[in-house]
Trainee: 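First the structure, then my questions, so here it is.
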2 protein chains.
Amino acid sequence: MAEIAFRRAEKADVATIVTMLADDMLASSREDTSGPLAEAYRKAFEAVDADPNQLLAVMTEAGRVIGTLQLTFIAGLSRKGALRGQIEAVRVIRDRQSAGLGRKMVEWAVDQCRKRGCVIVQLTTDSSRHDAHRFYERLGFKQTHLGYKIDL
Amino acid sequence: MAEIAFRRAEKADVATIVTMLADDMLASSREDTSGPLAEAYRKAFEAVDADPNQLLAVMTEAGRVIGTLQLTFIAGLSRKGALRGQIEAVRVIRDRQSAGLGRKMVEWAVDQCRKRGCVIVQLTTDSSRHDAHRFYERLGFKQTHLGYKIDL
């Protein structure tokens, strides 16, 4: 296995990240990968990048971006004023799936949360993603909640 | 019904909010309501209050705080750079439950998300809170995801 590393995403990574987000059974219809990259993605990247409580990350293998996830650190009064880490938008590039890299990336993310002082890490995953459920359970996550969404 | 209003929580509301958070079957053991209020709650309030992407809100009835929830606005690349609203820590004070006030409060929160430009509002609720599931479904939320957590 070539050298795996993790870093904060940069503007130059946005198109690759969007391609990974779109290359997914459930998400493909939700993204716009037609070139040039939609301005909304650039704007969203700037908002995420400017927010000290957000960390959009990429995983690289020998310098090539092969994975991404987004971490959000959420302060709140609940659980004695606990800081939570939240993971969203987890992807490993198609040709590097099933090599244990997703596990490496999520473990790295949990470790970032620990270093930041979070007492809990949370995420949701679509009810139909049975492989993802097993994946998170193997990593020690407990399925304790139901996730609700409403489109505006 | 007396006048219901919503506003940003202030430092003076923190003890009341913590009391509401703790007055709950699942959460009581997670909070510390012994006086004086634990410093961790004050610190958490300051972090939330200082974050432009967080809105800790209270619902008042004739000036009395009778409900609370926390909104987090999360920018991200997913869904064409969509802004998400996330609702956490929803409580209505015990003596004013079952009066339709929770519905009013969540509708207010969804409206805040709409005004802010969110295209989706999300939340999770403990799998055992069957009344809460029906509550959110009646408000138009769809149970599409499973929620996972890991304690650090």
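Computed from a prediction, not measured in an experiment: that's the story for all the values here. Quick note on labels: first sequence line is chain A, next is B, and so on, each numbered from 1.
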Trainee: So which residue, B:L21, B:D126, B:L56, ends up with the most heavy-atom pairs under 4.5 Å with chain A?
Mentor: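 Most heavy-atom pairs under 4.5 Å with chain A: B:D126.
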Trainee: Can a donor-acceptor pair be found, under 3.5 Å and without considering hydrogens, that links the side chain of A:Q70 to the backbone of B:A75?
Mentor: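 Yes, because the side chain of A:Q70 sits within donor-acceptor range (under 3.5 Å) of the backbone of B:A75.
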Trainee: Pairing donors with acceptors under 3.5 angstrom, does anything connect the side chains of A:N53 and B:D51?
Mentor: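 There is such a pair between these side chains.
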Trainee: Among B:V110, B:L83, B:V119, find the residue that satisfies the side chain to side chain contact (heavy atoms under 4.5 Å, CB included) test when tested with A:L152.
Mentor: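 For A:L152, the side chain to side chain contact (heavy atoms under 4.5 Å, CB included) check succeeds only for B:V110.
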Trainee: Rounded to the nearest 0.5 Å, what's the gap from OG1 on A:T144 to CG on B:L26? Could you check?
Mentor: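 If I round to the nearest 0.5 Å, the distance is 10.0 Å.
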Trainee: About how many Å separate NZ of B:K149 and CD of A:Q122, when rounded to the nearest 0.5 Å?
Mentor: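 The NZ atom of B:K149 is 3.5 Å from CD of A:Q122, to the nearest 0.5 Å.
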Trainee: Between A:Q86, A:R30, A:E88, which residue shows the highest count of heavy-atom pairs closer than 4.5 Å to chain B?
Mentor: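 Looking at each of A:Q86, A:R30, A:E88 in turn, A:R30 comes out on top.
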Trainee: At a 4.5 Å cut-off on heavy atoms, which part of B:S29 comes close to chain A: side chain, backbone, both, or neither?
Mentor: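 Backbone only.
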Trainee: Roughly how far, to the nearest 0.5 Å, is CD1 of A:I150 from CD1 of B:I120?
Mentor: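 One finds 9.5 Å between CD1 of B:I120 and CD1 of A:I150.
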Trainee: Please rank B:L77, B:V18, B:T68 by heavy-atom pairs under 4.5 Å with chain A and give me the top one.
Mentor: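 When all of B:L77, B:V18, B:T68 are compared, B:L77 has the most.
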Trainee: Knowing that exactly one of B:H145, B:Q143, B:E137 qualifies, which makes a side chain to side chain donor-acceptor pair (under 3.5 Å) with A:Y148?
Mentor: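 Testing A:Y148 for a side chain to side chain donor-acceptor pair (under 3.5 Å) against B:H145, B:Q143, B:E137 leaves exactly one candidate, B:E137.
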Trainee: Can you tell which part of B:E39 gets under 4.5 Å to a heavy atom of chain A, answering side chain, backbone, both or neither?
Mentor: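 No part of it gets close to chain A.
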Trainee: Can you tell me how far CG of A:L146 sits from OG1 of B:T125, rounded to the nearest 0.5 angstrom?
Mentor: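 Those atoms lie 7.5 Å apart.
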Trainee: Between CG of B:D151 and SG of A:C118, what distance do you get to the nearest 0.5 Å?
Mentor: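 Separation between the atoms: 12.0 Å.
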Trainee: Could you tell me the separation between the NZ atom of A:K80 and the NZ atom of B:K43, rounded to the nearest 0.5 Å?
Mentor: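 Rounded to the nearest 0.5 Å, the NZ-NZ separation comes out at 16.0 Å.
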Trainee: Among A:A47, A:G76, A:A40, single out the residue with the greatest number of heavy-atom pairs under 4.5 Å to chain B.
Mentor: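 Of the options given, most contacts go to A:G76.
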Trainee: Under 3.5 Å, side chain of A:S78 to main-chain N/O of B:A89, donor-acceptor pair present?
Mentor: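 No.
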Trainee: So which residue, B:R42, B:Q54, B:R114, B:R129, ends up with the most heavy-atom pairs under 4.5 Å with chain A?
Mentor: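 Result: the option with the highest number of such pairs is B:Q54.
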Trainee: Give a yes or no answer on whether the side chain of B:E31 reaches the backbone of A:R79 with a donor-acceptor pair at less than 3.5 Å.
Mentor: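 Such a contact is found between B:E31 side chain and A:R79 backbone.
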Trainee: With only heavy atoms counted, which part of B:R84 is less than 4.5 Å from chain A, the side chain, the backbone, both or neither?
Mentor: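 Interface part for B:R84: side chain.
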Trainee: Tell me whether B:I74 is reachable from B:V106 by hopping between hydrophobic residues (I, L, V, M, F, W, Y) whose side-chain heavy atoms are closer than 4.5 Å.
Mentor: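 No, B:V106 does not connect to B:I74 through the hydrophobic network.
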Trainee: Heavy-atom distance under 4.5 Å to chain A: side chain of B:I17, backbone, both or neither?
Mentor: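 Side chain only.
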